[in-house]
Amino acid sequence: MIHRIKGTQDLLPGEIEKWQYLEQKARDIFARYGYMEIRTPIFEETELFVRSIGQETDIVQKEMYTFADKSKKSLTLRPEGTAPVVRACIENNLLAGSGTLKLFYMGPMFRYERPQKGRYRQFYQIGAEVLGPDNPLIDVEVMEMLVRFLEELEIHPYQLHINSIGCPGCRPKYLKVLRAEITHALPQLCADCNRRASTNPLRVLDCKVETDQAHINALPASLDYLCEDCRTHFAVVQRFLNNRDIHYSVNSRLVRGLDYYEKTTFEITSDLLGAQNALLGGGRYNGLSESLGGPAISGFGFALGEERFILALPKEDYFWMRPEVYLAPLGPACFDFAVTLASQLRRNEIRAFLEFGDKSLKSQLRHADKLRIPFALIFGTEELHRKEIQCKNMRDGTQVTIRAEVSEIIRAIRGDTAR
RNA sequence: GUGAGCGUAGCUCAAUUGGCAGAGCACCAGGUUGUGGCCCUGGGGGUCGCGGGUUCGAGCCCCGUCGCUCACCCCA
């Protein structure tokens, strides 16, 4: 028995409808905010991710699916979507204009991690990028769109957390102070923090160990070390979030795991999820384009985890384009007619289901009921001899005899007015 | 990479001290010459994850192994 790879999943009928719903709603709201879709390859040169995400990050250090192809080139299954999008923009010269470029994408990402609730090795993200000016109103518009998106999906409660982690101009100064303070507190901190202190001091801020909290709260916050430009940027973001009546909390301990972020970072969490409680996250990445050899263009973007949205979605019956009519021929003698009729109905845009097995009427109706198809067309040799057909309404059980013609059938299942 | 919990029918789970592998749901058939849901009757289905060991006898005890789940880590 061969079965699926750890951390992957088969999305089956009954579950996939939620995904279609989610993706359809995403396309809808992206269209309203002026985004166009982009699709990039599922694998890239390894170097793209190393340079953008950062050599020392966990993603690059231990989570990438990296392999050599037959020409010995090192390739990597994409662990995130921003770097490939920016790469594609540079390569196809989409950044030539001076305006704002808004793109969205959706698709699978890959990270080699131990699976748990809401976390998979192949997982799906929907994300968007705004390339162009370094304008804080972009940050606000993206967050507003996401809050609207959550409301339309009826996902609640959720919390928006924002922070500013400074820019290459002011962050080094902050990191120096942070390092010094952490070193000072090190004896009182947990083993993980002791390790992080040297590998990635920002992550110490993210520690959840109870006994560390008091010490961590006493550590300096990046917000207190922002340069003039970063401070103004963050102030404008907050002012306009307030204007739009968007509830948020400033979380000076919000740290992101990718090195390209600067200035604004944000995250939306929900306790509808498990321990992995982030529905989505994102931030500003002004230096990314240039570091990948493109023009000096600013960027802001986010990615949301589809699996996590599915977990948070209200427990409802999601839409399925189920067949409108089930053809139940009685015996092989009527099958030719059934095939022809199904074809005619479909040409008239009727969703028709035809059973191919030689099943009893009882089992065919049971099947139609199980698929919740609203009408069944029943016909045996007697009916066909008279050019008639039985049309049964599966909801109320009523049944009428009609002429075996497409126009009659359409009238019967869609009502007199429809066509 | 680390830790814990769990692997018995398609699904959810029982099985006393180690003593003939079960139920509900689902599925199929019949009750109805050609009519679904509700009800009744019957039926098909099992490498008890896998491999060793102990024992007259193992789903149960022991060792190993694989898988799943959750959590740590990290992130979407």
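Numbered from 1 within each chain, the chains take letters A, B, ... in sequence-line order. The figures here come from the full heavy-atom set of this structure, side chains too, leaving out hydrogens, waters and symmetry mates.
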Roughly how many Å is it from [atom1] in [X] to [atom2] in [N], rounded to a whole number?
| X | N | atom1 | atom2 | answer |
| --- | --- | --- | --- | --- |
| A:K62 | B:rC74 | NZ | C1' | 7 Å |
| A:I378 | B:rU35 | CD1 | P | 9 Å |
| A:I2 | B:rC66 | CD1 | P | 19 Å |
| A:N277 | B:rC74 | CG | P | 14 Å |
| A:E307 | B:rU69 | CD | P | 13 Å |
| A:R121 | B:rC73 | CZ | C1' | 14 Å |
| A:E63 | B:rC72 | CD | P | 14 Å |
| A:L254 | B:rC74 | CG | C1' | 14 Å |

Which residue lies more 5' along RNA chain B, comparing A:T398 with A:G257 via nearest heavy atoms: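 Per heavy-atom nearest nucleotide, the more 5' residue is A:T398.
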Inter-residue atom distance A:R322.CZ - A:E17.CD, 0.5 Å rounding: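 So the CZ of A:R322 and the CD of A:E17 are separated by 8.5 Å.
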Is a donor-acceptor pair below 3.5 Å formed from side chain [X] to base [N], judging by atom type as modelled?
| X | N | value |
| --- | --- | --- |
| A:K392 | B:rG36 | yes |
| A:E383 | B:rG34 | yes |
| A:R119 | B:rC73 | yes |
| A:Q399 | B:rU35 | yes |

Counting only side-chain nitrogens and oxygens, does [X] get under 4.0 Å of the OP1 or OP2 atom of [N]?
| X | N | answer |
| --- | --- | --- |
| A:R366 | B:rA29 | yes |
| A:K362 | B:rU35 | no |
| A:R256 | B:rA76 | yes |
| A:Q116 | B:rC70 | no |
| A:K6 | B:rC68 | yes |

Ion pair [X]/[Y], N-O distance below 4.0 Å:
| X | Y | result |
| --- | --- | --- |
| A:R403 | A:E408 | yes |
| A:R414 | A:E324 | yes |
| A:E113 | A:R119 | yes |
| A:K18 | A:E15 | yes |
| A:D317 | A:R372 | yes |
| A:E37 | A:R39 | yes |
| A:D134 | A:R284 | yes |

Provide the distance between the two [atom1] atoms, one in [N] and one in [M], to the nearest whole Å.
| N | M | atom1 | value |
| --- | --- | --- | --- |
| B:rU17 | B:rA58 | C1' | 14 Å |
| B:rA76 | B:rC6 | P | 33 Å |
| B:rG49 | B:rG10 | P | 13 Å |
| B:rU54 | B:rC63 | P | 15 Å |
| B:rU2 | B:rA14 | C1' | 34 Å |
| B:rC40 | B:rU32 | C1' | 13 Å |
| B:rC66 | B:rG51 | C1' | 10 Å |
| B:rC13 | B:rU65 | C1' | 26 Å |

Under 4.5 Å between any side-chain heavy atoms of A:K392 and A:T398, yes or no? no
NA contact type, [X], heavy-atom cut-off 4.0 Å: base, sugar-phosphate, or nothing?
| X | result |
| --- | --- |
| A:R395 | base |
| A:F375 | nothing |
| A:L279 | sugar-phosphate |
| A:L330 | base |
| A:E267 | nothing |
| A:G331 | nothing |
| A:A303 | sugar-phosphate |
| A:E80 | nothing |
| A:G127 | nothing |

Aromatic A:F110 / basic A:R78 pairing, under 6.0 angstrom, 45° off normal: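 No, a cation-pi geometry is absent between A:R78 and A:F110.
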Check every atom of [options] against the side chain of [X] and return the nucleotide holding the closest atom.
| X | options | answer |
| --- | --- | --- |
| A:H3 | B:rG67, B:rA76, B:rC73 | B:rG67 |
| A:R4 | B:rC70, B:rU69, B:rC74 | B:rU69 |
| A:R308 | B:rA76, B:rC70, B:rA29 | B:rA76 |
| A:K370 | B:rA76, B:rC27, B:rG37 | B:rC27 |
| A:K359 | B:rC74, B:rC28, B:rA76 | B:rC28 |
| A:L258 | B:rG36, B:rA76, B:rC70 | B:rA76 |

Applying the Watson-Crick and G-U criteria (both distances under 3.5 angstrom) with [ ] for crossing and | for other-strand pairs, one obtains for RNA chain B (((((((..((((.....[..)))).(((((.......))))).....(((((..]....))))))))))))....
Determine whether the side chains of A:T269 and A:H161 contain a donor N or O and an acceptor N or O closer than 3.5 Å. yes
